[in-house]
Peer 1: 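Below is a structure I'd like to ask you about.
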Amino acid sequence: MKIKKITEQYRRDFYAIYECEHCGHEISGSGYDDANFHQNVIPKMKCGKCGNVADQHYKPLATRYPEGLQI
C-alpha cells in the first residue's frame with residue numbers, strides 16, 4: 001500500500017487514502033507521521049483485495065515535520 005492522499009492532519013496524526021500499487025484498491029485509514037511509519041509500517045500493509053504488500057521499489061513519503069521536533 002502507499003499513501004494516495006492525506007485528507008487530514010493534526011500534528012503527527014493523520015488520515016489518508018491508501019492505494020494498493022498492484023490492484024489499485026483504496027482504503028481510508030489513520031497513520032502517524034514519523035519515519036518509522038513511512039518506512040516500515042506502510043510497506044507492510046496488506047491489501048484487503050489482493051493480499052499483496054509493497055515491493056522493493058516502494059518510496060516512502062517524507063515527514064511533514066523534521067524528526068525529533070516536538071509539536
Side-chain angles (χ1 to χ4, degrees):
M1 301 293 276
K2 66 178 181 179
I3 293 177
K4 180 176 181 179
K5 180 180 180 182
I6 294 177
T7 56
E8 284 182 55
Q9 184 161 355
Y10 179 72
R11 297 187 176 191
R12 291 201 185 267
D13 297 314
F14 67 84
Y15 288 94
I17 299 170
Y18 295 95
E19 179 182 38
C20 177
E21 300 94 329
H22 304 283
C23 70
H25 180 68
E26 295 180 2
I27 61 167
S28 296
S30 61
Y32 192 73
D33 192 25
D34 71 347
N36 179 60
F37 192 81
H38 287 287
Q39 295 172 3
N40 299 313
V41 177
I42 294 173
K44 293 178 184 170
M45 292 172 79
K46 276 191 177 182
C47 175
K49 188 173 181 183
C50 69
N52 288 324
V53 297
D55 59 16
Q56 68 272 15
H57 301 295
Y58 172 77
K59 292 183 180 151
L61 293 178
T63 60
R64 183 174 185 179
Y65 306 104
E67 287 296 314
L69 177 68
Q70 289 186 343
I71 48 174

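This structure is a prediction, so every number in the text was calculated from the model and none was measured.
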Peer 1: Starting at CD of Glu19, measure out to NZ of Lys2 and round the result to the nearest 0.5 Å.
Peer 2: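 Reported to 0.5 Å precision, the distance equals 5.0 Å.
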Peer 1: Looking only at atom types and distance, does a side-chain atom of His22 sit under 3.5 Å from a main-chain N or O of Val53, one as donor and one as acceptor?
Peer 2: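 Checking the backbone N and O of Val53 against the side chain of His22, a donor-acceptor pair under 3.5 Å is found.
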Peer 1: Is the count of non-hydrogen atoms from other residues, nucleotides or ligands lying under 6.0 Å from Tyr65 atom OH greater than 12?
Peer 2: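 Result for OH/Tyr65: enclosed.
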Peer 1: State the OG-NZ distance between Ser28 and Lys5, to the nearest 0.5 angstrom.
Peer 2: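 Atom-to-atom, Ser28:OG and Lys5:NZ are 11.0 Å apart.
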Peer 1: Which heavy atom in His25 sits nearest to a heavy atom in Cys47, and how many Å separate them?
Peer 2: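 Smallest heavy-atom distance, with atoms named: CB-SG, 3.8 Å.
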Peer 1: Can you check whether Arg12 reaches Leu69 side chain to side chain, under 4.5 Å on heavy atoms?
Peer 2: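 Yes, at least one pair of side-chain atoms sits under 4.5 Å.
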Peer 1: With Ala54, which residues qualify under side chain to side chain contact (heavy atoms under 4.5 Å, CB included), at least two apart?
Peer 2: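 With sequence neighbours excluded, Ala54 shows a side chain to side chain contact (heavy atoms under 4.5 Å, CB included) to Glu21, Pro43, Tyr58, given in chain and number order.
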Peer 1: If I take atom OG1 from residue Thr63 and atom CG from residue Asn36, how far apart are they, to the nearest 0.5 angstrom?
Peer 2: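 One gets 12.0 Å once the value is rounded to the nearest 0.5 Å.
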Peer 1: Do the ring planes of Phe37 and Phe14 sit parallel (below 30°), tilted (30 to 60°) or perpendicular (above 60°)?
Peer 2: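 The rings of Phe37 and Phe14 stand perpendicular, inter-plane angle above 60°.
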Peer 1: Any side-chain heavy-atom pair from Ile27 and Met1 closer than 4.5 angstrom?
Peer 2: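 When only atoms from C-beta onward are counted, Met1 and Ile27 do touch, with a gap below 4.5 Å.
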Peer 1: Quick one: do Tyr32 and Tyr15 end up in the same hydrophobic cluster if we chain Ile, Leu, Val, Met, Phe, Trp and Tyr together by side-chain heavy atoms under 4.5 Å apart?
Peer 2: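 As far as the 4.5 Å side-chain criterion goes, Tyr15 and Tyr32 are not connected within one cluster.
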Peer 1: Do Arg11 and Asp33 touch side chain to side chain, with heavy atoms closer than 4.5 Å?
Peer 2: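 Heavy-atom side-chain distance check fails, nothing below 4.5 Å.
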Peer 1: With clusters defined by side-chain heavy atoms of hydrophobic residues (ILVMFWY) lying less than 4.5 Å apart, directly or transitively, does Ile6 cluster with Val41?
Peer 2: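 Val41 clusters together with Ile6.
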Peer 1: Any idea which heavy atoms bring Pro60 and Gln39 closest together, and the distance?
Peer 2: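 Heavy-atom minimum between the residues: CG-CG, 3.9 Å.
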